[in-house]
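All of these numbers come straight from a predicted model, not from anything done at the bench.
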Amino acid sequence: MAIVLDKVGVDGLGEAVGALREWQTDGAPMQLHTGDLGWFWRFGAEATAAAVRTWSRDGRVLAVGLLDGPGLLRLTIAPDAQRDEELARQLVDDVTGSERGVLPEGRADIETPAGSLVRDLLFAAGWKAGEPWTPLCRDLAEPVGDPGLRIEVVGPETADVRAAVQRASFDGSSFTADLWHAMAAGSPYADARCLVAYDDQDDAVAAVTVWSAGPGRPGLLEPMGVHRDHRGHGYGRAITLAAAAALRELGSSSAIVFTPSSNAAAVATYRSAGFRQRPEVQDQYRDS
């Protein structure tokens, strides 16, 4: 059967989310997670559907891509299809031909799983290694320590607090309570939690969103931030511990997170919360 590229509609998002859940396994190369679609869902179901591409054969989804910004495709592949030559060659044709409706002409970036054949073929076609990212992972078999701060689970009534901490943690962030409500309405958020940490003055100092992919599967931290006015007090470690504990309660087998390797402070924060560094990964890019 031929490989079919599909721009999913809102009704097709459930199939893409289901495939991503199924593909999350401990020890596998880190890849696009259910939570990545869940975080994108803050822009609404229609925008999320417009950004998702799937590749299927004989009715089975084999690859899922998220257009996570202009010219950026985050692509992942079913574990048993990562060296499938027919799929890999079709993926290369589709991401390099602007008429296919995946990536535009000119400069483009793509995230592909380490060890996948499509990654090899893109390098052979002239794509180059891009920015290095550090994946980190914490096993959740054992209970997580006390974060040492008051941690609250965000609900509709405190969405404005969660949004304010996000904006104060990331320069240029435009996150709002309305975007939180849109995200929380998405199907991935059924297995997710937003947490806010408060200091002893009852100031909201850090926040995180955690995404389960189901019991016995790795859960994702995306995003985690510390309010710029409250840095240097260990609040990043505290909210990361709280995130790991929340994922354990949701049944996750491990907690995973990605950060640019250049962000040494973030890497150090996750390591202080019991996360282990895994080998760096690099995006691939094509010059304009």
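Atom CD of Glu85 sits in a sparse spot, with 12 or fewer heavy atoms from other residues, nucleotides or ligands closer than 6.0 Å. Other residues, nucleotides and ligands contribute over 12 non-hydrogen atoms within 6.0 Å of the CG atom of Asp287. In this structure, Glu142 places its CD atom where only 12 or fewer heavy-atom neighbours from other residues, nucleotides or ligands lie under 6.0 Å away. Crowding of Arg271 atom CZ: a count of heavy atoms from other residues, nucleotides or ligands under 6.0 Å not exceeding 12. Counted within 6.0 Å of CZ on Arg276, heavy atoms from surrounding residues, nucleotides or ligands total 12 or fewer; the atom is thus considered open.
Thr48 contributes a side-chain N or O that, together with a main-chain N or O of Gly44, makes up a donor-acceptor pair within less than 3.5 Å. The main-chain N or O of Ala141 is found under 3.5 Å from a side-chain atom of Arg248 such that the two form a donor-acceptor pair. Gln31 contributes a side-chain N or O that, together with a main-chain N or O of Trp23, makes up a donor-acceptor pair within less than 3.5 Å. When atom types are taken as modelled, the side chain of Arg231 and the backbone of Ser169 share a donor-acceptor pair closer than 3.5 angstrom. In this structure, the side chain of Thr176 engages the main chain of Leu179 through a donor-acceptor pair within 3.5 Å. Formation of a donor-acceptor pair under 3.5 Å by the Arg217 side chain with backbone atoms of Ser252 is not found in this model. Checked by atom type and distance alone, the side chain of Asp36 pairs as donor or acceptor with a backbone atom of His33 at under 3.5 Å. At distances below 3.5 Å, at least one donor-acceptor pair connects side-chain atoms of Arg53 with backbone N or O atoms of Gly101. A side-chain donor-acceptor contact under 3.5 Å links Asp146 to the backbone of Gly148. The closest donor-acceptor contact from the side chain of Ser173 to the backbone of Phe170 lies at 3.5 Å or more, if one exists at all.
Leu37 is not connected to Met183 by any chain of hydrophobic side-chain contacts under 4.5 Å among Ile, Leu, Val, Met, Phe, Trp and Tyr, and they are in different clusters. At a threshold of 4.5 Å between side-chain heavy atoms, the hydrophobic network of Ile, Leu, Val, Met, Phe, Trp and Tyr places Leu20 and Leu72 in two separate groups.
Using a 4.5 Å heavy-atom threshold, the side chains of Val118 and Ile77 count as touching. Leu32 has its side chain within reach of Val64: a pair of non-hydrogen atoms, C-beta onward, lies under 4.5 Å apart.
Cation-pi geometry between Arg167 and Phe175 is not met: the NZ or CZ atom fails to fall both under 6.0 Å from the ring centre and inside 45° of the normal.
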- Message: salt bridge (Lys or Arg N to Asp or Glu O under 4.0 Å) for Arg57 and Asp84? Distances and angles first, verdict last.
- Response: CA-CA 12 Å; Arg57 181 170 55 209; Asp84 184 308; 2.6 Å; yes
- For Asp139 and Ser254, run side chain to side chain donor-acceptor pair (under 3.5 Å): C-alpha distance rounded to whole Å, both residues' side-chain angles, the deciding distance at 0.1 Å, then the answer. CA-CA 4 Å; Asp139 183 84; Ser254 59; over 6 Å; no
- Please walk me through it: do Glu152 and Arg150 pass salt bridge (Lys or Arg N to Asp or Glu O under 4.0 Å)? CA-CA 7 Å; Glu152 297 289 343; Arg150 179 166 67 90; 2.9 Å; yes
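Smallest separation of non-hydrogen atoms from Arg193 and Val153: CD-CG1, 4.1 Å.
A ring-ring contact (aromatic ring centres under 6.0 Å, His included) with Tyr189 holds for exactly one of Trp211, Phe40, Trp39; it is Trp211. Checking Glu222, Arg162, Arg42 one by one against Thr209, the side chain to side chain donor-acceptor pair (under 3.5 Å) holds for a single residue, Arg162.
Taking CG from Asp94 and OG1 from Thr96, the interatomic distance works out to 8.0 Å, rounded to the nearest 0.5 Å.
Side-chain contact check for Thr134 and Ser261: at least one donor-acceptor pair (N or O, by modelled atom type) lies under 3.5 Å. No side-chain donor-acceptor contact under 3.5 Å links Trp180 and Asp160. The closest side-chain donor-acceptor pair between Gln284 and Thr112 falls under 3.5 angstrom.
The side-chain contact (heavy atoms from CB on, under 4.5 Å) check on Ala273 picks up Arg237, Thr240, Leu241, Phe275, with sequence neighbours excluded. Applying the salt bridge (charged side-chain N to carboxylate O under 4.0 Å, His left out) rule to Asp283 yields no partners; only residues at least two apart in sequence or on another chain are considered.
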